[in-house]
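See below for the structure under consideration.
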Amino acid sequence: MESSSTPRAVSTRREATRQKLYEAAVTLIAEQGFSATTVDEIAERAGVAKGTVYYNFASKSVLFEELLRHGVGLLTASLREAADRTAQGGGSKVDALDAMIRAGLVFIDRYPAFTQLYVAELWRTNRAWQSTLMVVRQEAVAVVEGVLREGVENGEFSAEIDIPLTAAALVGMVLVAALDWQAFQPERSLDDVHAALSRLLQGRVSGRG
């Protein structure tokens, strides 16, 4: 049996604490904004002492920066897993993009408050964590770029497509459509929303053909 004081146990406890702080911070900031949210409130919502926040993060800004890095990292991993799973199953690059759309919707459905924060922060230019946000955003978009590039190379996609812009557009489509779904059409199922975006991806919105 592993001792509660071993490095692994300490690391596991600390990660669990950080996860509680992330969840508390993202919920509070989504509710009342970054400036209005205090470290005291984050600690109280997470059920820890105020000192625990500063033990794990040097400041509220550092906590939020790490929250963005953590959350977008989870999204990136889910997109990559969807693409890899499709490739292993012998699917096409369109299939991979479709699987990534679904993975993005599943992520957003699971973490709606984080997604709202992430999209809002993308439009701000005066935050201390702007450079970090750009880096983690590009990591997520790069996964989509990779699939598009492979599709161009194997002839599945036109060589004329603008890969960086198309990848950003696909990610943006999922983010905005999902937020619209949750805010204005919550009665729709995830399968229903995915089907609509899938038709758009596959060019099946025209009445012709």
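Values below: all heavy atoms of this structure, side chains included; hydrogens, waters and symmetry mates excluded.
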Any donor-acceptor N or O pair under 3.5 Å, side chains [X], [Y]:
X: Ser198; Y: Asp98; result: yes
X: Glu139; Y: Thr76; result: no
X: Asp192; Y: Ser189; result: no

Taking atom CD of Glu44 as the centre, report whether more than 12 heavy atoms of other residues, nucleotides or ligands fall under 6.0 Å from it.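 No, the 6.0 Å shell around CD holds no more than 12 heavy atoms from other groups.
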Can you tell me if CZ on Arg110 sees more than 12 non-hydrogen neighbours from other groups inside 6.0 Å? no
Shortest non-hydrogen separation from [X] to [Y] and the atoms involved:
X: Thr37; Y: Lys60; result: O-NZ, 2.6 Å
X: Val53; Y: Ala43; result: CG2-CB, 3.8 Å
X: Leu79; Y: Met100; result: CD2-O, 3.4 Å
X: Leu75; Y: Phe107; result: N-CE1, 3.6 Å
X: Ala99; Y: Thr86; result: CB-OG1, 3.4 Å

Can you check whether [X] reaches [Y] side chain to side chain, under 4.5 Å on heavy atoms?
X: Leu105; Y: Leu197; value: yes
X: Ile101; Y: Met173; value: yes
X: Trp181; Y: Pro186; value: no
X: Glu121; Y: Phe64; value: yes
X: Trp129; Y: Val62; value: no

Check [Y] with [X], please: is the shortest side-chain N to carboxylate O separation under 4.0 Å?
X: Lys93; Y: Glu156; answer: no
X: Arg85; Y: Glu81; answer: yes
X: Glu31; Y: Arg45; answer: yes
X: Glu66; Y: Arg69; answer: yes

Verdict with supporting geometry, Ile163 and Ile161, side-chain contact (heavy atoms from CB on, under 4.5 Å): CA-CA 6 Å; Ile163 290 175; Ile161 67 170; 4.2 Å; yes
Could you give me the CA-CA distance, side-chain angles and deciding distance for Lys50 and Ile42, then say whether side-chain contact (heavy atoms from CB on, under 4.5 Å) is met? CA-CA 8 Å; Lys50 181 178 179 179; Ile42 293 172; over 6 Å; no
Aromatic plane relationship, His70 with Tyr22 - under 30° parallel, 30 to 60° tilted, over 60° perpendicular: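 If you compare the ring of Tyr22 with that of His70, the planes turn out parallel.
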Test side-chain contact (heavy atoms from CB on, under 4.5 Å) on Asp109 and Gln182 and set out the steps. CA-CA 8 Å; Asp109 188 45; Gln182 294 184 338; 3.7 Å; yes
Under the side-chain contact (heavy atoms from CB on, under 4.5 Å) rule, what do Arg18 and Phe57 come out as? Steps first, then yes or no, please. CA-CA 9 Å; Arg18 290 168 75 93; Phe57 306 99; 3.4 Å; yes
Leu170-Leu200 co-clustered via ILVMFWY side chain contacts under 4.5 Å: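 Yes.
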